[in-house]
Amino acid sequence: MTEPVAFARQSAFEHGTVAAADGGADGVVLAEPNGQVRYVDSEGQFTLRRPGTPVADVAAGRDVYVLADGTVTAYGTGGSRRWEATGLEPVGLVAGLTERGVVVETVDDELVWLRGDTGTERRRLATPHADAPGETTVVAGDGTVAVASFTSFTRIVDGEPREPVQLDGAVERVGLLDGRLFAVLADGSAVAYEDGRRQWSEDAGVDWLASNGTEWLLCETAGELAALRPDGDRTPVTGLSPDGTVVPSTDGSVVCVVAGGTAGVFRPSSDAGADLSVSVPAASVDETAATLPVAVGNDGDVPVDDTVQLTGEGVTFAGGPVPLSLGAGDSLTREFELRELSAGEVTVRLSDGDGTVDETSLTVRESTETASVTGEPVGVTDGRVTVAVEVSNATDTPVEGGYVADSQIDRVPAGDTVTVEAVLDPPVDGVTVTLDKFGERTVDVAVPEQPLSVDVASADETGYAEVTVESRVDCPTTDRLVVQGLPSADDRVTRELSLPPAGSLCWRLPSVDPERRIVEAATETANARLTLDPGVVPAVADTRGRRRPTGDVAAATTDPTATATGAAATTDDAASAPANDPASAATGDTLASGPPVTVERSVAKTDAWAGVAVTDRLQARSTDGADRTATLERPLDDDTTLPLEPRAVGTRRVVVYRDERLPPLSVAVDGDRVSTSAVDLTASDGPVVPYVWRTVGDDGPKLCVAADGDDGVTGRVEGVTLDSQPEPFEFECPFDGTVASQSLPSVDSKTAVPAQLNLVVDGERRRLDTLAPRLATDDGPSGLAVDSLTGGDNPSLTVVNTGDAPVEDVRLRCHGDGASVATFGDGVVDSVGPGETREFLLELTPETDADEVVVTVETVSVDDEAVLRRERAVGDGDGAFEVADAGDDRPEFPSILVGPFAPE
C-alpha cells in the first residue's frame, strides 16, 4: 500500500479509560474497565462484548481474542463468537497476523499456542527469560513470537526458540516489522535485528513504539508521531496526536486515539482539493433566515482533513475558516449562521487555502410572512399561574430559539406551531416573548394579584358558617382551603380545591359553639375573617365537655371524602341544609341566583380495564317540581337537550387507554349553569386490551379490530357488534396485536360509537363493551421499516426509510413477547433520508421456555411520543428474524374515548 504520512479523523465515539487494546491486521480492538469491548475498522465500530466482567487483556490478528475471568474467548472480526478456552490460568494474550490463533501467557510462566479454528492447544513452551528482573514483553507476528526481558530477547519461530540475543541496555518496547525485531532501550535509542544479527542502531529518542506493522511502525519521538521503516528512516506523521492512548492497526489503515472520554478514528488522508463539493439542500429560502443548511461532500476515494471556509455573493456567513474531516465518499450537512442574506440569486462558495473548490447557487425570497404568538392562562396551582403561549411559524425557515418569560423555546420548524408553558407569580399583565429573528413582543394575558377570593358569612339561624371561594380567572384553579376556628377535633378543617374557569364553591360548615370566636378561611393567596357569636341551635355535650350540634353535622366537618366542586355544583356538606334551601348549591354567579336544579353524576367504575367501557351517568332534577328544558353542554361532543319533567337521566360509555380525567359536565337552565366535578379514571391492566376503530382507506370504509393479550393469556376475537349496525361482524383475530378488518357501509358518525366484542379468553367466552372511534388515515406509514433483525450473540436491528421524504427526530422503541428486548442506547434517530438505513445493537434475551420470540419495533416521535409506525419480527431468538405481515397498521389511539349520551 502507499506509505501514509498524513491522517484525518473519520469519526468519533464515547469511550472510557482504555483497560486493554491491540492492533489487528486491518482494525483495532478497545476494551473499557466495565468489560465492554469494541472492534474498529475502516467500516466503522461495533460492540463485540457488552459490559460485564472486567477484561484483563485483548489481542487482535485476523481474529479478536478477549481474556476475562480466566476465560479466553475468540471472536471473528464480523462479531461472531467462535470458541472459549478455560483452565489455562492465563495472564496475557498475543496474536499473530498471517495465521489464525493466539498465544496465551500463563501464571506458570508458560506460553500456550491455541488453534484459531477450535481453541484447542497446539503447543506449550516455558517462557524464555522468565527469571530475569523486570517485566517480560511478548509480541507476535509473521509466524514469530518474540520475548524480551531486561537486556535480552529470544525469537520463537514456528514453535522453536532461537538463540537468545544480548542487548546493550534494558529493553522498554519491542516491535516486529518485515521480519525484523525493533527494540527501544531505556535511554530512548532504537536498534533493529534480523535473524539475531543487529542491522542498525540509532539514538532516536523513542518514547513509544507500536508492537506490529506491515510496512512501518508507528512511534513517538520528542512529542511527535512518526512512521519508522525497516531501514531506520523516520517520516513525520501529521493529523495524529500522541496525547492519549494511540492504537494503530498493523497495516496502518486505522488508528484510534482515546483521550478525554472520546475515541477518535483516523484514516490515511489526502489534502482537500478538487474532491470536495458544496451544495445547499434547500432550493430556496426566505430572506429572514438566520441560518443556512450547507452540505459538503468528499467525492474522492481517500479521506480529507483540511481547513475550509464558506463565502459567497449576496450572502455573508458568520465566523471564519472551520476544520473539515471527511472520509472517502462521506458528506456532512450542518446549519451555518448568517450575518447577511439578500433577496435574489445567491452564490455560495467553498474555499480552502488555495482558492475556490466548488460553488453552488440558490434563490432567496423576499419575506412576506412572519411568526405569530398568542397566549392564555391554562391553570392556577397553589397561587402560581401557568400560561401557555402558542408560537406559529408561518415562514419557510425555522425559528431557532427564544424565550417565553424565563422558559426557553428550543426550535419552531418552518410552517409548524409549538406551545411553551411558563409558570409565573401573579399579578400577570402581559407575557414577554422573544423570538430569534423577530425580536420581542408581548402577549396579552391578564391575571389579578389574587386569582381567588375568599369570603366567610354567618348563618347562625341554621347552625352553619358559609365559606365562599370564587375564581377570578378563566382557567382551572387548584388550591387548598383551610378553615380555622370551627368546633372540630383540631379546630380546623382542610379540603383540596379544584375549580373550573370562573367557578365558585360554597362550603357550609357547622359553627355552633358556646363561645364567641374568630373563624378564618385561607387559600394560598387569599383569606377572610369573621367573628361568630355563639350558635342558637340546640346542642348536647360531647366527651370533651364542649357542646356540639345534634345530628351528624359535626362529622361532616372532618369528612376527608368531601369533594371540592366547581362552578354551580352541589357540595356534599350541604346535604344537612334544608332540602329546598337555594344556598345549598354554589353557582357560577352568586349563591342566591342559582337555578332550582340539582345535578348528580356517577361513574360506575373509576378503575377500569384499558379499552373496556364504563358507564358515565348524569341525573338532572328540577327541585321545585316545575317542568323545564335544560341543555347538557359537553366539551367532547355536541350539546344535548334534556326535558326536565321534572327529572331526566342520561348515560354514555367512556373508554380509557391511559389514566385520564373525564371533564366536568354542565347543565344550562334559563341562562344559569350547574356543573359537576371532573372524574379521574384509571386504566388498569386487564388480561386483554381491545382496539376497535372505523376508518376510510383506499378500498373504502372499514371496521378494524386488534387485541393485545397479557403474558400467558391465549384467545381470539370472534366478533364485533356496533350499535349502528344490526348484524354482527365475524372476526378471527388472535391476541397478538394483529389487525383484522372488514368493509363497512359508512363511517358517517364522527364520535366514538358503542361496540361490543365477543372474545374467547383462555377457552371461556366473554363479552366486553367498548367504543369504536373514527380514526383518520394518511398516505402511508411515516416511520422506519424493519429491514433486518438478527438474534444470537450479537443481536442487531437494521431499519430503512421506505418513504419519499426524510424521517426526522424519531426514536426506536422495542417490545418483546417471549424475550426481553431493548435498543442498546436511547434509539434516537436525527434524520434518515429516503432509502437510507440505520443499524442498532439490541439487548435481546429470550425466555428459557419461549418457543417463539416476537419483537415489536415502533417508530415514535421524539416531540409528542406519537407512534408513527409499528412492525413485528418473528424468530426463535437466535439467527435472523422474519418481518411479520401485520396487515393494516394499528393507529395510535387517544387516551380517552367518549360515546354519545342516551336517555335512560
Side-chain angles (χ1 to χ4, degrees), residues 282 284-293 315-319 334-343 364-452 471-479 499-502 524-525 635 808-809 830 861-866:
S284 64
V285 297
D286 192 273
E287 66 176 339
T288 61
T291 62
L292 184 67
V315 58
T316 303
F317 291 90
R334 56 172 283 194
E335 298 277 344
F336 287 87
E337 185 178 352
L338 299 178
R339 184 171 297 154
E340 182 180 352
L341 185 63
S342 302
V364 179
R365 303 181 307 277
E366 292 186 359
S367 177
T368 59
E369 298 173 319
T370 186
S372 61
V373 293
T374 57
E376 62 179 353
V378 294
V380 178
T381 302
D382 296 335
R384 304 201 72 196
V385 185
T386 300
V387 177
V389 173
E390 189 176 84
V391 182
S392 298
N393 182 11
T395 70
D396 293 331
T397 57
V399 176
E400 294 298 339
Y403 287 89
V404 174
D406 294 330
S407 298
Q408 186 171 356
I409 304 172
D410 291 334
R411 190 172 191 266
V412 186
D416 203 355
T417 299
V418 301
T419 300
V420 179
E421 292 188 349
V423 180
L424 307 172
D425 291 318
V428 177
D429 185 15
V431 178
T432 301
V433 179
T434 305
L435 297 179
D436 182 54
K437 297 189 304 181
F438 297 105
E440 185 177 293
R441 57 195 66 190
T442 300
V443 179
D444 291 331
V445 176
V447 177
E449 184 173 3
Q450 290 187 338
L452 295 176
S471 172
R472 297 173 173 174
V473 292
D474 292 327
C475 63
T477 303
T478 59
D479 210 315
L499 299 182
E524 187 70 28
T525 59
E808 298 178 334
D809 299 327
D830 293 333
S861 170
V862 171
D863 293 332
D864 56 11
E865 291 293 312

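Heavy-atom neighbours of Glu808 CD from other residues, nucleotides or ligands within 6.0 Å: above the threshold of 12. Heavy atoms of other residues, nucleotides or ligands lying less than 6.0 angstrom from OH of Tyr403 number 12 at most. At most 12 heavy atoms of other shown residues, nucleotides or ligands fall within 6.0 angstrom of atom CD in Glu449. The number of heavy atoms from other shown groups lying within 6.0 Å of CG (Asp425) is above 12.
Taking the side chain as every heavy atom from C-beta outward, Arg472 and Pro451 never approach each other to under 4.5 Å. Val412 has its side chain out of reach of Ser392: every pair of non-hydrogen atoms, C-beta onward, lies at least 4.5 Å apart. Using a 4.5 Å heavy-atom threshold, the side chains of Val443 and Val387 count as separate. Contact annotation: the side chain of Val285 approaches that of Val364 to within less than 4.5 Å [non-hydrogen atoms, C-beta and beyond]. Within the 4.5 Å cutoff, side-chain heavy atoms of Val445 are placed close to those of Pro377. The shortest side-chain heavy-atom distance between Leu338 and Phe317 falls under the 4.5 Å cut-off. Proximity of Leu452 to Thr477: side-chain heavy atoms (C-beta onward) are separated by under 4.5 Å at one or more points.
Interatomic distance, Arg441 CZ to Thr434 OG1, rounded to the nearest 0.5 Å: 9.5 Å. The CD atom of Glu340 lies 4.5 Å from the OG1 atom of Thr316; values are rounded to the nearest 0.5 Å. A distance of 9.5 Å separates OG in Ser372 from CG in Leu435, rounded to the nearest 0.5 Å.
Minimum interatomic distance between Ile409 and Val420 (heavy atoms only, all atoms of both residues): CG1-CG2, 3.8 Å. When all heavy atoms are compared, the tightest approach of Gly379 to Cys475 is N-SG, 3.6 Å. Looking at every heavy atom in both residues, Pro398 comes nearest to Arg411 through CG-NH2, 3.3 Å. The minimum heavy-atom distance between Ala414 and Asn393, with the atom names listed, is CA-ND2, 3.6 Å. Heavy-atom minimum distance, Thr442 versus Gly430: CG2-CA, 4.0 Å. Annotation for Val378 and Glu421: closest pair CG2-OE2, 4.1 Å, computed over non-hydrogen atoms.
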Hey, mind stepping through Leu341 and Leu292 against side-chain contact (heavy atoms from CB on, under 4.5 Å) and telling me if it holds?
-> CA-CA 10 Å; Leu341 185 63; Leu292 184 67; 5.7 Å; no
